[in-house]
Structures are given as C-alpha cells and as structure tokens.
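If you read the sequence from its start, that first residue is 1, and numbering goes on from there. Just so you know, ligand 1 is whichever comes first in the structure, and atom 1 is the first atom listed for that ligand. If you're wondering where the values come from, they're calculated on a predicted model, not measured in any experiment.
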Amino acid sequence: MANTTLVAPSLLAADFGHLAEGVRSAEEAGADWLHIDVMDGHFAPNISFGPKTVADIRPVSKLILDCHLMVSNPQDFIAPFAEAGADYFTFHIEAALHANRIIQQIKAAGMKPGICLVPSTPVVALEEVLAELDLVLVLLVNPGFGGQKTIPSCLEKLAKLASVRKEKGYHYLLSVDGGITADNASLAVTKGADVLVAGNTFFTASDKKGIVKKLKGN
Ligand code: DX5
Ligand code: ZN
C-alpha cells in the first residue's frame, strides 16, 4: 500500500506529435508515474505505442514508466520493453496462457510485474498469482480508448483486492485506469486505489499542477 496516492498521467491522451512535451508536463505538474498504454490492434481495438516509444521517452524523464500492455502474446514483448527501460510491465490476464511463467520472466528481465483485469474479468482469476505481483491494474473501462466513462461496478474489485492483500500480507499496489476525474478520484481511493491513472483529465487540464493535487486529495 502506498503512503500517498500516486498519480499516473496516461500518455494516450497526450499530443503524439509532441510526446516529450507531454512527458515533461507530467513531471513538472508533480505526477509520480507515466502510464503508457500499449495496444496492438488485436487484443485492443486500437494501435498506440511500442517499445521504441518507451526507449525514446526514457531519457526525457525520471518518472516511473508504467507500461500497460493491452496486447496478445505479452510474453513476446518482455525483452523489448525491459531493454527500452520500462519499470512496470503490466499484462492482461485474459491474454496470458501461463501467467505464472510470464511473471517470472518479467522479474528476470528486471521489471516489476503487474496484471490487469478488463471489466468482465473477476478478481478470482488472479487468486493463484497475487502473491507474485507488484501491481494489480483494475481497468474501469473496456480497453482501447481514452475519454470513456468509468463503469462503477469495476470499483468494487478494489475492496476485494485490498482485503486479500491485507489478509495474506501481499504487497501489490492497486491502480485504477479509465474515466478517472477529480470527481470520482476520492471514491477510488476510498475503495483502495493507490495509483490513479488519468488520461483526459490530466492532459485537458489547463492547471496541471492543480489537477494532480486534486487527484491526490490535497
Ligand atoms: C484504456 C487505457 C487507459 C486510458 C485512460 O484502454 O488503458 O489508460 O488511457 O484514459 P482516460 O483517463 O482518458 O479514461
Ligand atoms: Zn492503461
């Protein structure tokens, strides 16, 4: 569990023609992580960034690079993302045939393993691997696009994940992704979120420092 709420602007909502500027704006605004949505047009119905994007961003920022891989065959991308300088490698349980093996491979490559759940996947699908994880990413919208509305029932997964963590002494951080705004951030934190991913809410804000503070509950 994090001591304070961490904010992770999602680069998907940045101007791809000026990515470095978007990265710097997140750092200057006091964000903690950079969320990088990787989509392959197969697992997710959109195409976004690849390992070269991460490699090019790495020297521009000291922020933690939180890579969310919405891709089929996530195991094929472990080495390229490790080489690119990714910190967290979060893959989808729905795309993983051998999640335990993938987790071990991510650790061996020097990254922190995370697993993400789409809205229709229940928490119980992760039961056997929770002990091994540094991050559980609860997706609050269907994968593919920024600017969607949070599906409220997805927030209920947080309470379950927080209580299992406490009961078993696990150490994963809980992150939420999709439709996070200044209005629903405190609810997500109350339910157990440690990390708030924010795409449109961050990148459309004229006062970026102000929105980070608000999301952090200050
Ligand atoms: C959805 C992505 C999200 C998205 C969030 O497929 O995983 O990270 O960028 O964007 P907002 O905060 O605009 O909903
Ligand atoms: Zn994401």
Legend entry - Minimum-distance protein heavy atom relative to atom 1 (C) of ligand 1: Phe145 O, 3.7 Å
Inset, instruction - Quick one: look up the protein heavy atom nearest atom 6 (O) of ligand 1 and list residue, atom name and how far away it is. - result: Gly144 N, 2.9 Å
Legend entry - Element-labelled atoms of ligand 1 that are located less than 4.0 Å from some non-hydrogen atom of His68: 7 (O)
Inset, instruction - Examine Phe16 together with Phe49 and report whether their ring centres are nearer than 6.0 Å. - result: yes
Inset, instruction - Give the numbers and elements of all ligand 1 atoms closer than 4.0 Å to a heavy atom of Gly178. - result: 14 (O)
Inset, instruction - Mind telling me whether Phe81 and Phe77 have parallel, tilted or perpendicular rings, with 30° and 60° as the class edges? - result: perpendicular
Legend entry - Minimum side-chain heavy-atom gap Ser10-Phe202 below 4.5 Å: no
Legend entry - Over 12 non-hydrogen atoms of neighbours within 6.0 angstrom of NZ in Lys208: yes
Inset, instruction - Among all protein heavy atoms, pick out the one at the shortest distance from atom 12 (O) of ligand 1; state its residue, atom name and that distance to 0.1 Å. - result: Gly199 N, 2.8 Å
Legend entry - Flag side-chain contact, heavy atom, 4.5 Å: Arg165 against Leu174: yes
Inset, instruction - May I ask you to identify the nearest protein heavy atom to atom 10 (O) of ligand 1, giving residue, atom name and distance to one decimal place in Å? - result: Gly146 CA, 3.6 Å
Legend entry - Lys/Arg N to Asp/Glu carboxylate O, Glu27 vs Lys62, below 4.0 Å: no
Inset, instruction - Please indicate whether any nitrogen or oxygen in Asn142 is less than 3.5 Å from any nitrogen or oxygen in ligand 1. - result: no
Legend entry - Proximal ligand 1 atoms for Asn200, defined as those under 4.0 Å from one of its heavy atoms: 11 (P), 12 (O), 13 (O)
Legend entry - Residue pair Cys116 / His68: nearest heavy atoms and the distance that separates them: SG-NE2, 3.5 Å
Legend entry - Any N or O of Met39 closer than 3.5 Å to N or O of ligand 1: no
Inset, instruction - Just give me the atom name: the N, O or S atom of Asp37 closest to the Zn ion (ligand 2). - result: OD1
Legend entry - Atoms of ligand 1 close to Ala198 [distance to a heavy atom under 4.0 angstrom, numbered from 1]: 12 (O)
Legend entry - Spacing of Ile106 atom CD1 and Asp134 atom CG [to the nearest 0.5 Å]: 9.5 Å
Inset, instruction - For the Zn ion (ligand 2), decide whether His68 has an N, O or S atom at a distance under 2.8 Å. - result: yes
Inset, instruction - Give yes or no for whether the N/O distance cutoff of 3.5 Å, strictly under, is met between Gly179 and ligand 1. - result: yes
Legend entry - Name of the His35 atom (N/O/S only) found closest to the Zn ion (ligand 2): NE2
Inset, instruction - Could you list the atoms of ligand 1 found under 4.0 angstrom from a heavy atom of Ser10? - result: 8 (O), 9 (O)
Legend entry - Any Leu34 side-chain heavy atom under 4.5 Å of Ile64 side chain: no
Inset, instruction - Number the atoms of ligand 1 from 1 as they appear, then name those within less than 4.0 Å of a heavy atom of Met70, with their elements. - result: 6 (O), 7 (O)
Inset, instruction - Report, as yes or no, whether the 6.0 Å neighbourhood of atom NZ on Lys107 holds more than 12 heavy atoms from other residues, nucleotides or ligands. - result: yes
Legend entry - Asp37 heavy atom under 4.0 Å from ligand 1: yes
Legend entry - Distance filter under 4.0 Å to Pro143 heavy atoms, resulting ligand 1 atoms: 6 (O)
Legend entry - Check: Ile115 and His92 side chains under 4.5 Å, non-hydrogen atoms: no
Legend entry - pair Asp32-Lys216: side-chain heavy atoms closer than 4.5 Å: yes
Legend entry - Contact (N/O only, under 3.5 Å) between Asp177 and ligand 1: yes
Legend entry - Shortest protein heavy-atom distance from atom 11 (P) of ligand 1, along with the residue and atom involved: Gly147 N, 3.6 Å
Inset, instruction - For residues Thr53 and Leu19, determine if any side-chain heavy atom of one lies less than 4.5 Å from a side-chain heavy atom of the other. - result: yes
Legend entry - Per-atom contacts of ligand 1 with Leu12, taking only distances under 4.0 Å to non-hydrogen atoms: 9 (O)
Inset, instruction - Tell me which N, O or S atom of Asp177 sits nearest to the Zn ion (ligand 2). - result: OD2
